[in-house]
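Some notes on the structure that comes next.
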2 protein chains.
Amino acid sequence: MESKTKRLIAIRKILETDKINNQDALQKKLKEFGFYYTQATLSRDLKFLKVAKIADVIGEYRLVLPEFINKTEGVRVEKNIPLDKITSMEFSGNIVVIRTFPGYANGVASTLDSYNFYEIVGSVAGDDTLMLVLREGSSRLDFVNRLITKEPNLKEIIPVVKNY
Amino acid sequence: MESKTKRLIAIRKILETDKINNQDALQKKLKEFGFYYTQATLSRDLKFLKVAKIADVIGEYRLVLPEFINKTEGVRVEKNIPLDKITSMEFSGNIVVIRTFPGYANGVASTLDSYNFYEIVGSVAGDDTLMLVLREGSSRLDFVNRLITKEPNLKEIIPVVKNY
DNA sequence: GGAATAAATGAATAAATATACTTACTTATG
DNA sequence: CATAAGTAAGTATATTTATTCATTTATTCC
């Protein structure tokens, strides 16, 4: 049917502009545009369109078109600067301060970013220093363990850390 | 709890390597790793981790970590208020970690700087991440409230915050 | 045009997922 | 220390979503 395509387009348009949190809401919205279909059809449509239902930052579910999903990171196509540019690592509070050879902080930061460690909320880098913010609930040891599995030769640089 | 973090990490690891198509399968897989939890808990975990359930190319559903979702096409329509470049905001300790679209962190930081919020001691920005240091005595809520009065549309991005 | 085949859809239902409510336990606070 | 406040997680259930099955509607190919 021609109207199927129309409906799919309408769905995409709706999901682009409105916050729709389930198929029921979508069905109602479609009605406003003159599309009368059952939930079953919408389920099939969403499967076809690869729409995802994801919780957003405020903890509400939303139907999201695939291209609108926030890739946080990890997809950055920068060559991985080896972590052996790191010269030291220290902790203070929930901050990890990492020193590198001059000029390498950004490279190291983006390498670490690309690993997308759950324990790290975010990072910023200057010239020879970068900082990571540890996630609340994640311990230094959690982070260190994770790091070592990725880059075992860092062991010498990583300070002895207690689990807090 | 410590074990919650461990479980979250395990979930992420499993979803990275295996094809998991529903919470039931995830629950079974977790058992192999010694994690015994109910479906309800996994539902909460997936919400927290922003895992999506999407149909893949062969029409099977899969649980997918946010950063693994393929952006196929289409570009998000960005408005030109600088703060609309913000994609997420998280807190850890006295640090606010703000993510932006690539390249916009500095712009956003200087916009925020220009507001001269009392609650913010200072900021640093990288490429797509900036950090604000909260003033001692100022709560997250203080900051969030202040921010919302400036930029109400940020509400969607700002996490639910308790007053500490 | 009409039989054969495929596609689209709804109704009913199965399956999967989210959540209200409760309990145990941990962490702050006076 | 005691009480409050917060967090984690299970149970039971409500809600949401996917699918099976039947029917209708379109498409293909003589």
Side-chain angles (χ1 to χ4, degrees), chain A residues 1-11 14-15 19-31 33-66 94 118 135-139 142 163-164, chain B residues 1-11 14-15 19-31 33-56 58-65 91-93 139-141 159-164:
Chain A
M1 258 315 224
E2 168 62 34
S3 88
K4 185 187 180 186
T5 311
K6 291 230 180 78
R7 186 184 65 238
L8 290 175
I9 291 170
I11 289 174
I14 287 170
L15 295 185
K19 310 217 153 128
I20 303 292
N21 34 21
N22 58 35
Q23 296 178 9
D24 213 50
L26 178 59
Q27 190 181 25
K28 288 191 178 107
K29 201 75 194 169
L30 276 168
K31 270 194 190 128
F33 289 81
F35 294 93
Y36 294 82
Y37 290 88
T38 60
Q39 173 267 324
T41 297
L42 302 190
S43 172
R44 295 179 188 112
D45 288 350
L46 297 182
K47 184 176 188 176
F48 178 79
L49 293 173
K50 312 228 179 319
V51 168
K53 191 187 180 190
I54 317 183
D56 66 14
V57 267
I58 56 172
E60 285 173 352
Y61 286 97
R62 285 194 57 183
L63 299 181
V64 188
L65 292 168
N94 61 333
Y118 169 75
R135 182 176 298 284
E136 287 181 356
S138 293
S139 71
D142 289 337
N163 194 13
Y164 74 105
Chain B
M1 257 311 182
E2 170 62 35
S3 87
K4 185 190 180 185
T5 309
K6 292 234 178 74
R7 186 184 65 239
L8 290 175
I9 290 170
I11 289 174
I14 288 170
L15 295 185
K19 302 208 161 130
I20 303 291
N21 33 22
N22 58 35
Q23 296 178 9
D24 212 52
L26 178 60
Q27 190 180 24
K28 287 190 178 111
K29 199 77 195 169
L30 277 169
K31 269 194 191 130
F33 290 82
F35 294 94
Y36 295 82
Y37 290 89
T38 60
Q39 174 267 324
T41 297
L42 302 190
S43 172
R44 295 181 188 112
D45 287 350
L46 297 183
K47 184 176 187 176
F48 177 79
L49 293 172
K50 310 225 181 319
V51 168
K53 191 186 177 192
I54 317 182
D56 65 12
I58 55 171
E60 284 174 352
Y61 286 96
R62 284 194 57 184
L63 299 182
V64 188
L65 293 168
F91 293 86
S92 182
S139 72
R140 295 174 185 186
L141 194 54
V160 181
V161 136
K162 284 159 213 114
N163 194 13
Y164 72 103

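Side chains are part of it too, since the values below use all heavy atoms of this structure and drop only hydrogens, waters and symmetry mates. A, B, ... follow the sequence lines: proteins, then strands. Residue 1 opens every chain.
- The C1' atoms of five pairs define one axis at each end of the helix from C/dG1-D/dC30 to C/dG30-D/dC1, and these two axes lie 40° apart (to 10°).
- Following rounding to the nearest Å, A/Gln27 (CD) and C/dG10 (P) show an atom-to-atom distance of 9 Å.
- With A/Leu63 as the partner, the side-chain contact (heavy atoms from CB on, under 4.5 Å) test is satisfied by one option alone out of A/Asn21, A/Leu49, A/Val51: A/Val51.
- Remark: P of D/dT17 and CD1 of A/Ile54 are 13 Å apart, rounded to the nearest angstrom.
- Summarising the geometry, atom CG belonging to A/Leu42 is positioned 7.0 Å from atom CD belonging to A/Gln39; distances are rounded to the nearest 0.5 Å.
- At least one side-chain heavy atom of B/Lys31 sits less than 4.5 Å from a side-chain heavy atom of B/Tyr36.
- Between B/Leu8 and B/Phe48, some side-chain heavy-atom pair lies under the 4.5 Å cut-off.
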Practice prompt. Would you sort out whether B/Phe33 and B/Arg7 count as a side chain to side chain contact (heavy atoms under 4.5 Å, CB included), showing the intermediate values?
Written response: CA-CA 9 Å; B/Phe33 290 82; B/Arg7 186 184 65 239; over 6 Å; no
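- Within the 4.5 Å cutoff, the side chain of B/Leu26 has no heavy atoms near those of the B/Asp45 side chain.
- The residue B/Phe48 sits apart from the nucleic acid: no heavy atom pair falls under 4.0 Å.
- If you measure from atom NZ of A/Lys28 to atom C1' of D/dT15, you get 12 Å, rounded to the nearest angstrom.
- Looking at residues two or more places apart in sequence or on another chain, you find a side-chain contact (heavy atoms from CB on, under 4.5 Å) between B/Asn22 and B/Asp24, B/Ala25.
- Atom P of nucleotide D/dT7 and atom CG of B/Asp45 are separated by 15 Å, given to the nearest angstrom.
- A heavy-atom distance below 4.5 Å is found between the side chains of B/Thr38 and B/Thr41.
- For the pair B/Tyr37 OH and C/dA24 C1', the interatomic distance rounds to 14 Å; values are reported in whole Å.
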Grab the N/O contacts between the protein and nucleotides 15-19 of chain C below 3.5 Å, and write none if there aren't any.
unit_1: C/dA16; atom_1: OP1; unit_2: B/Asn22; atom_2: ND2; d: 3.3
unit_1: C/dA16; atom_1: O3'; unit_2: B/Lys53; atom_2: NZ; d: 3.2
unit_1: C/dT17; atom_1: OP1; unit_2: B/Lys53; atom_2: NZ; d: 3.1
unit_1: C/dT17; atom_1: OP2; unit_2: B/Gln23; atom_2: N; d: 2.8
unit_1: C/dA18; atom_1: OP1; unit_2: A/Tyr61; atom_2: OH; d: 3.3
unit_1: C/dA18; atom_1: OP2; unit_2: B/Gln23; atom_2: NE2; d: 2.7
unit_1: C/dA18; atom_1: OP2; unit_2: B/Ser43; atom_2: OG; d: 2.8
unit_1: C/dA18; atom_1: O5'; unit_2: B/Ser43; atom_2: OG; d: 3.4
unit_1: C/dA18; atom_1: N7; unit_2: B/Gln39; atom_2: NE2; d: 3.0
unit_1: C/dA18; atom_1: N6; unit_2: B/Gln39; atom_2: OE1; d: 2.9
unit_1: C/dT19; atom_1: OP2; unit_2: B/Lys47; atom_2: NZ; d: 3.1

